[in-house]
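What you are looking at is a predicted structure, and each value in this text was computed from that prediction instead of being measured. Along the sequence shown, the residues carry numbers beginning at 1.
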Amino acid sequence: MTLIAILVPWLSFLLRGRILTGILCLLLQITLIGWIPAAIWAVISLQNAREDRRADRIIRATQAAGRR
């Protein structure tokens, strides 16, 4: 997924269900200068999504342990 975010940033957003963000990223990527910022944006967004999922799992595990 990281490779997709670097090579085709707009597709990375679309695959994760962020349609409007994907379209905006595609518009940015169309320009040659915008390709690098679009790729960086997609990779950072992907990393943030992974961190959010990890944090949610930790919170659920902590809450489940507290109920025992």
Under 3.5 Å, sequence neighbours excluded: what are the donor-acceptor pairs made by side chains of residues 50-60?
none

Using every non-hydrogen atom in the two residues, find where [X] and [Y] come nearest and quote the distance to one decimal.
| X | Y | answer |
| --- | --- | --- |
| Arg16 | Ala49 | NH1-CB, 3.9 Å |
| Ala5 | Ala42 | O-CB, 3.6 Å |
| Ser12 | Ile4 | N-CG2, 4.0 Å |

**Report entry** More than 12 heavy atoms of other groups within 6.0 Å of Leu7 CG
**Finding:** yes

Query raised in the report: Does the side chain of Arg18 pick up a donor-acceptor pair with the side chain of Ser45 at under 3.5 Å?
Result: no

Query raised in the report: What residue pairs, at least two apart or across chains, pass ring pair (Phe, Tyr, Trp, His ring centres under 6.0 Å) with a residue in residues 27-68?
Result: Phe13-Trp41

Report task. Sort and list the pairs that fulfil ring pair (Phe, Tyr, Trp, His ring centres under 6.0 Å) and have at least one residue in residues 48-68, not counting sequence neighbours. Result -> none

Query raised in the report: Does the side-chain contact (heavy atoms from CB on, under 4.5 Å) test come out yes or no for Ile30 and Leu27, once each step is laid out?
Result: CA-CA 5 Å; Ile30 288 173; Leu27 293 174; 4.3 Å; yes

Query raised in the report: How long is the span from the CG atom in Leu11 to the CD atom in Gln29, to the nearest 0.5 Å?
Result: 9.5 Å

Query - Between OG1 on residue Thr2 and CG on residue Leu46, distance to nearest 0.5 Å - result: 5.0 Å

Joint hydrophobic cluster, [X] plus [Y], side-chain heavy atoms closer than 4.5 Å:
| X | Y | answer |
| --- | --- | --- |
| Leu26 | Leu20 | no |
| Ile23 | Leu28 | no |
| Val8 | Ile19 | yes |

